[in-house]
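For reference, the structure is listed below as structure tokens.
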Amino acid sequence: MPGFAVSHSLHCMNLLALTVLLPLVLGTALCFWSGQRDTRGRRRLTAWLAAGVTAAALAATSWLAPEVFAGRTVLEHAEWMPAIGLNANFRLDGLALLFVWLITGIGLLIILYAAYYLHHDDPAGKFYTQLMLFMAAMLGIALSDNLLLLVVFWELTSVSSFLLVGYWGHKAEARQGARMALTVTGGGGLVLLAGVLVLGQIAGTYDLSAMLHRGAEIQADPRYPLALGLILVGCFTKSAQWPFHFWLPEAMAAPTPVSAYLHSATMVKAGIFLLARLYPVLGGSGLFEGIVATVGLGTMAFAAYVAVFKHDLKGLLAYSTISHLGLVVFLIGLASPLSAVAAMFHILNHATFKCSLFMTAGIIDHETGTRDMRQLGGLMAFMPWTATLAMVAAASMAGVPLVNGFLSKEMFLTEAVGAQSDFAFGVLVPLAATLGAICSVAYSLRFIHDVFFNGPPKDLPNPHPHEPPFFMKAPVGLLVVICIVVGLLPAATFGPLVHVAATAVLGAPPPDYHLAIWHGFNLPLLLSVVALVGGAALYWALQRKFDLHLHHPRGWTGRLLFTRAIDGLFGFAGRVTALLENGSLQRYAALMVGSAIVLGAWPFLTGHGAGLATGGRELLPAPPLAWVVWALLLATGGALVLGHHDRFRAVVLVGVIGLVTSLTFVSLSAPDLALTQLSVEVVSTVLLLMGLALLPAFSPRESSNARRGRDAALALAGGGGIAWLAWLMLTRDHDSISWYFLEQSIPKGGGSNAVNVILVDFRGYDTFGEITVLGIAAVGVLALLDGLRVRRPAADPAGRAWSFAKEPLMLRMAARLVLPLALAVSAYIFWRGHNLPGGGFIAGLVTAVALVLQYMALGQDRADLLLHGRGGQRFTRWIGAGLAIAGLTGVGAFVFGKPFLTSAYGHPTVALLGELPLATAALFDLGVYITVVGATMLMLSVLGAASKEPPRAAGVAS
Amino acid sequence: MSMEFLVATGIGWVTACGIYLLLRGRSFPVVLGLTLIGYAVNVFIFAMGRLWSGAPPILIGGPAVADPLPQALVLTAIVIGFATTGFVIELALRGRHEGGSDHVDGARPGETGDDAEKAQR
Amino acid sequence: MPGDLFSTHLAVLPVLLPAFTAFALLLIGDHGGDAQGSHGHRRLRWARAIGIASAALGLVLAARLALQADHGALEVYRVGDWPAPFGIVLVVDRLSALMLLLSGCVALPVLVYASGGWDAHGRHFHALFQFQLMGLNGAFVTGDLFNLFVFFEVLLIASYVLMLHGQGRERFKAGLHYVVLNLAASALFLIGVALIYALTGTLNFADLALRVPRVEEPEAAVLQAAALILLVVFGFKAALLPLSMWLPATYAASSAPVAALFAIMTKVGVYAILRVHGVVFGADAGASAYAAQPLLLPLALATSVVGVLGALAARTLSRLVAWLTVASVGTVLAAIGLFGSAAWSGALYYMANSTLVIAGLFLLAELVGAQRGEMAGRLEPAARVAQPQLLGLMLLLAAASNAGLPPLPGFIGKLMILEGALGHGWVVAVWIVVLGVGFLTLVGLARAGSILFWNVRADLPACTGGGASPRLLVATLALIGASVAMTVFAAPLQRYTEAAALQLQDRAAYARAVLGEQGGEQADTARPYRIDRPLPSGGER
């Protein structure tokens, strides 16, 4: 990436971007490639590749670690989308370093473990590819210096976890868990995005480095609570805090390495990371402490309690994880600086012991075939090593001295005691903390006792469990060793890392503290003892007094509510859609008409049209004839609406209305329109009749009165509205650009028929499009009726025989006469078009009508041979030719360096014919003519061919 | 009363009839409805150039002529209307022969084309 | 000098190229019903070659135009050499060029896909496809309101036939609805245009931008009515509520390549709304300013919600994608309804991406369905698909982008829209809807994906037909890859869309470029039209 600006750092090799890109690009690509073949060797290779990439990422950041320990922050900035403030800015400070090491370190162990855990028919390539994707996303979160970039990686973890949880997609619970995890965390991510946007608006930047030192100023902004709330929802969903905790146990359907990695060590800590990351910006306020600490503590105690009653090993660990996450959230929520130290420390400790416990659970599952503690038991005898390791890890989880869990638990209790003063019911804080601690001792105890002791196993699916292969135990062992070493020498091991991390969180070095086992006799120590003793007692009581194994968790759970909500959502969506989309054209059409009426009336309803009335234009007097025609129109319309069920009559009535239209045109100085309307009238009536012959002759009366009433109302409203608009316009004078056409049509257009000159010259481009439409329609009809063959009734509904062959003689005579005449007429109309009413279109229709007459006269069978030959190829060619002529005429202008459709003309005088207007426009019009003839003939002939007469009639015809 | 009144009301009336037919349940009346709306709209466009009597835009003789532009637009509109009408007619009957009924929503459950229609009449 | 010729007529070539290709294809003739016959088959192969070559060339043209437009100068082309506003002008600004490029990017892969066999299932597919492109491009480059209508008709009539391509009962039913409603919409279009002419006396966009502000109350009310009637038309094309119900059935019934091509069709409506209601009736339209604003934003948000609910309710993959089309259009129109350059920029970016993704998804839906036995595209457990990795990956990418998951362009586009909404009165509603719709899309697509690829029924035999043919896969990959590429080149694209949005709002510059020296407020392009006094003389041109 270009333009990296490195500040506060001596290094300029974009190591941070590299750290993310390695797994994101190289890792996924390599694993995908290697996973293509699923042999034993390839499986191993894939694991090695993944491990190698991870190690490289680890090395890349470790290279910069000295900078961090020297108290500096490494920044790498690159522009991506500066316009929206989304940039590839990375930062490495203590907090980031802690997480990067956590992600890559644990990652390596997981890869090793998974290599032995995965069954030979689980695709390894898929697993490691997705794992690499997840790791990259996680590293991106840890290293982002740009909040939008962080959100990008945040959602990427949601997606990759969706894929990993759904790794065994054939299992229902895996699909369920994956979708739930994605829904909760992905949805939370969207809320987080909103929060980040608000925060960005407050701070004027999305870059942490420009934001971290401005906490006070930002918290003073009125929008701060909104931003805080939205961001917290994001964090709590990700870190499974109450009330969003329920997805985590469901996600346990994932393969155990995934649970160990995503759902205990890394992903679920992303929320915590963000809380810590933004602590200098958002933290410290009473609001922040109130919400975060409360939610954390509540979750901690609640989840610890639930964990005790889980029979599934991973279920127990899941709730225990939720509980410990709550613990850390609580610590971050607290205002005291030392709590930040404790939080960082516990993040590390929890990762070590919980990860090893998950791996153990995986081993047990792997060996015995079950994770149900009601079946398990007495495994000590079968796998002593595993048992021993598990015991140490569990001890750490319970907070037993000499292991690391004890230390951070101790610090937690100290903080809880210290926090009393900050809260209204301060006493409750240490109380809740201790309760949580007691429960965690209890479930840790149960984990060990129920699995490794507590009698022989009961009907295991795999009755002969034994120690797993060494390399499956090795990661567990390593982590357990860490637990012990850290437990003994905290300051020497995790100490420095915790220090820089806490420094990054607080924005300043924390006050003096020392990580050590012994802090002397004090209240926290007492509470620890109480927790240990109480926990043991609690577990003993539960086992002995009322048999824990018979306990079944109550019905209401977050999971249940969630599934209910989702089902409800889908049901609701179904109902809404069914309601809106009922597949009825009548409703859709009514909606369109209705919307047009409403929107058309809108300006008048909203008062813009106030005082809009009849204008002052001098009106034309209406001659009596006009009144007669008008009355005829009204009558015809009425008759049509009432009697449209008889379709034949309806066609005739529509024809009458068409005639009235052309009368209107001719009487109001539009001869061209009248002619065109008339000729179109003829052809479309023929089409209607031919179509009618293949349709039922009558429309049933099926609309209810209500429906008819609604339609009548719409019709009258629409008609009234359009009439009103027309009236408003007709009674006002208008401005127009038309003066130009009148001035120029003779000198520059070379024609005295302004309308025609506009058509073929001023706006010839419209005509070009228009005849294209006609051509497409005809070809469309051909495509549409392709393969349609129907036997048409020999007689039409009124009993008239359809066979035109019935009166062949007269008709043929007529046709013979008409055809040449019509051709002459069309030629005449064509030529005069430029100066007088007429033109290519009308001429074309006249020709077509004559040909149709011919077609009728010949009887269809022969006409088909003549016209419809070779699947309509002939007429499609006519259309193509006509369009091409028109188009080429336009392109001809290119030769003279003029734009498309530029016309030229002359008036050569030819003997006999006199002066001829030879405009290129005429050539263009010729294209129009040919297209029209071709299109019309194609439409008619295809329709005719689709409807063969019964053979008898055809016989007569010949 | 004036020519303008007759034209305006005429447009309105034809539009109304067209809309009513457009909203019917069978394809054929729908096609007729569209045709009517087409007529009305064409006259409407034409009328937007206002009404002129005895002044066709043929530039021979007096300079006083009707506004030619709307007329040209109407011609284009007529042709396009012709093309689409031709298409929709044939679509209607093709649909009927595929769907067994000429109802615009295809054959309703329990309705098999024309027999049902006859029954309803 | 052909190069010179090329550059002089650049603006009209996107229309002429497909037009003449189509004419040629008509003259050659098609397979005449028997694609199997050696004669017919040869013709078909020719048609494929010509069509694909032409589409590729068109894509190059569009790219060239976009590069040119990015310099900020408007490409103005006076058809017939008549001065604006009297003749018809073609204007290519950044927006037009973007639309051309977009339709080119969709058309080429889709045509390649269709040549994988669909084109043999009916008559004259390739000619009609080219006509469709001609109509689309013509609508995008024209600078004249009535000419926009004409090219709307070209692209519509072509779309009617393409939609019915392959025939079958469902198609004819859905097709009848589609055609009838569109014819009604065309009538409304004409009414709107006529009213606008009646009040302004002109049809040229640039001239209209100058004349609309001069129409005062109360006549302005009629002008606004015309604008809103046009909103019904364009809204219907774009599937804006309450006129969106036709879309899912139509798109789901169409053959896969046609549905994919139609992904651009709704955007024609969006484009027209942006031109007419965003610019002509936009900020500086005097008494008619923001004619569409009170309705556009709320309706668009509602459309988005209804669309995603439909997607949740869908029972087949293609219907799901069709509903997602509605949802995405709603998002785009909401951004346009914000009437701000930042939001418009976001709208354009998001629209470009969602078009590509949805086109890809339509093709993908068929690929997946083809490998699931008789279950086909139904969202129920079925046999295991033959190519789970490849198809799954493509679905994941497309779905994530559509749901607005980072870092895919859907996320970037929504981010731009969210930021663009800041400071607007409706910001809260916009944020809730955009984010909420993204969330629901995520839920719906996660369900669909987990059913299609995970919930495999072992009892059924796995798909035997092997994988999809390379041609089909390449076409689909190209579309989804193009959308993913929009993330990589996000910054330049964003600069482009931002500049495009700003250019749209600079009406004065547009008018100067189109009307030339006689542009500007005092131009008397439209003069009082009287019959009783001699015609105004002094046509100095």
Side-chain angles (χ1 to χ4, degrees), chain A residues 81 83-84 152 155 166 169-170 175 179 182-183 186-187 190 570 573-574 576-577 581 585 588 591-592 595-596 599-600 602-604 608-609 611-612 729 734-737 739-740 743 762 764-766 769 772-773 776-777 779-780 782-783 786 871 873 876-877 880 883-884 898-902, chain C residues 12 23 26-27 29 32-33 78-82 86-88 122-124 131 147 150-151 153-154 157-158 161 177 184 188 198 201-202 218 221 224-225 228-229 232 242 245-246 309-310 312-313 405-407 415-416 419 435 439 442-443 446 450 454 490-491 494 525-529 536 539:
Chain A
M81 278 167 273
I84 53 172
V152 168
E155 289 292 40
H170 52 87
R175 295 193 296 271
R179 278 169 56 193
L182 179 65
T183 311
L190 290 173
F570 279 101
V576 170
T577 312
E581 189 203 20
L585 175 63
Y588 301 164
L591 269 174
M592 173 175 288
S595 340
L599 266 66
W602 186 274
F604 304 94
H608 290 278
L612 188 61
M729 293 298 101
H734 75 300
D735 297 357
S736 168
I737 54 173
W739 60 268
Y740 182 86
E743 273 182 4
F762 293 110
Y765 188 56
D766 278 345
T772 314
V773 172
I776 301 172
V779 176
L782 176 65
D786 186 36
Q873 296 288 22
T876 43
R877 291 229 167 83
L883 291 172
K898 292 287 188 185
F900 186 58
L901 281 175
T902 308
Chain C
V12 75
F23 302 162
L26 284 186
L27 285 170
R78 295 187 166 74
V79 180
D81 207 17
W82 296 108
F86 309 106
I88 296 172
R123 303 294 307 274
H124 292 288
F131 277 126
N147 191 245
V150 171
F151 278 94
E153 289 305 315
V154 174
I157 190 96
V161 191
H177 292 195
L188 289 173
T202 183
Q224 293 164 25
L228 290 174
I229 288 174
V232 175
M245 292 310 144
W246 60 274
L309 288 180
L312 290 180
L405 286 188
L415 192 53
M416 291 166 75
E419 291 188 354
L435 291 173
F439 173 67
L442 189 64
V443 174
S450 65
W454 289 348
Q494 219 164 49
T525 49
R527 302 178 181 173
Y529 199 88

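Order of the sequence lines sets the chain letters (A, B, ...), proteins ahead of strands, with each chain counted from 1. Keep in mind it's a predicted model, so treat the numbers as computed, not measured. Computation of the quantities below employed the complete heavy-atom set of this structure, encompassing side-chain atoms and omitting hydrogens, waters and symmetry-equivalent molecules.
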Open item on the list: Looking only at the aromatic ring of each residue, does the gap between the centers of Trp246(C) and Tyr588(A) stay below 6.0 angstrom?
Closed with: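 No: the rings miss the under 6.0 Å criterion.
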In terms of heavy-atom pairs under 4.5 Å, which option from [options] contacts chain A the most?
options: Val12(C), Val154(C), Ile229(C); result: Val154(C)
options: Val161(C), Leu309(C), Val443(C); result: Leu309(C)
options: Ala221(C), Ala198(C), Ser450(C); result: Ala221(C)
options: Ala225(C), Gly80(C), Ala184(C); result: Gly80(C)
options: Leu228(C), Leu188(C), Thr202(C), Leu442(C); result: Leu228(C)

So, for [X] and [Y], which heavy atoms are closest and what is the spacing to 0.1 Å?
X: Gln494(C); Y: Ala83(A); answer: OE1-CB, 3.3 Å
X: Phe900(A); Y: Val79(C); answer: O-CG1, 3.5 Å
X: Leu190(A); Y: Leu435(C); answer: CD1-O, 3.6 Å
X: Ile737(A); Y: Thr525(C); answer: CG2-O, 3.5 Å
X: Glu419(C); Y: Ile84(A); answer: OE2-O, 3.1 Å
X: Met81(A); Y: Ala490(C); answer: SD-CB, 3.2 Å

What part of [X] lies closer than 4.5 angstrom to a heavy atom of chain C: side chain, backbone, both or neither?
X: Thr902(A); answer: both
X: Met729(A); answer: side chain
X: Phe570(A); answer: side chain

Open item on the list: Between Phe131(C) and Leu883(A), is there a side-chain heavy-atom distance shorter than 4.5 Å?
Closed with: yes
Task: Note, Asp735(A) side chain near Tyr529(C) side chain (heavy atom, < 4.5 Å) - done: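 They are not in contact (no side-chain heavy atoms under 4.5 Å apart), so the answer is no.
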Out of [options], which one racks up the most heavy-atom pairs below 4.5 Å with chain C?
options: Gly764(A), Ala884(A), Gly187(A), Gly186(A); value: Ala884(A)
options: Glu155(A), Arg175(A), His170(A); value: Arg175(A)
options: Leu901(A), Asp766(A), Thr577(A); value: Asp766(A)

- [ ] Hey, can you tell me if Phe762(A) and Trp82(C) have their rings parallel, tilted or perpendicular (30° and 60° cut-offs)?
- [x] tilted
Task: Engaged part of Phe151(C) at the chain A interface, taking heavy atoms whose separation is under 4.5 Å - done: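 For Phe151(C), side-chain heavy atoms alone lie under 4.5 Å from chain A.
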Task: Contacting moiety of Leu415(C), where chain A heavy atoms sit under 4.5 Å - done: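 Only the side chain of Leu415(C) comes within 4.5 Å of chain A.
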Open item on the list: Taking the six-membered ring of Trp739(A) as reference, does the cationic atom of Arg527(C) (NZ for Lys, CZ for Arg) lie under 6.0 Å from its centre and within 45° of its axis?
Closed with: yes
From [X] [atom1] over to [Y] [atom2], what is the distance, rounded to the nearest 0.5 angstrom?
X: Thr772(A); Y: Glu153(C); atom1: OG1; atom2: CD; value: 12.5 Å
X: Leu782(A); Y: His124(C); atom1: CG; atom2: NE2; value: 5.0 Å
X: Gln224(C); Y: Phe604(A); atom1: CD; atom2: CZ; value: 8.5 Å
X: Leu26(C); Y: Ile776(A); atom1: CG; atom2: CD1; value: 9.0 Å

Open item on the list: Determine whether a donor-acceptor pair (N or O, by modelled atom type, separation under 3.5 Å) exists between the side chain of Arg877(A) and the backbone of Leu27(C).
Closed with: yes
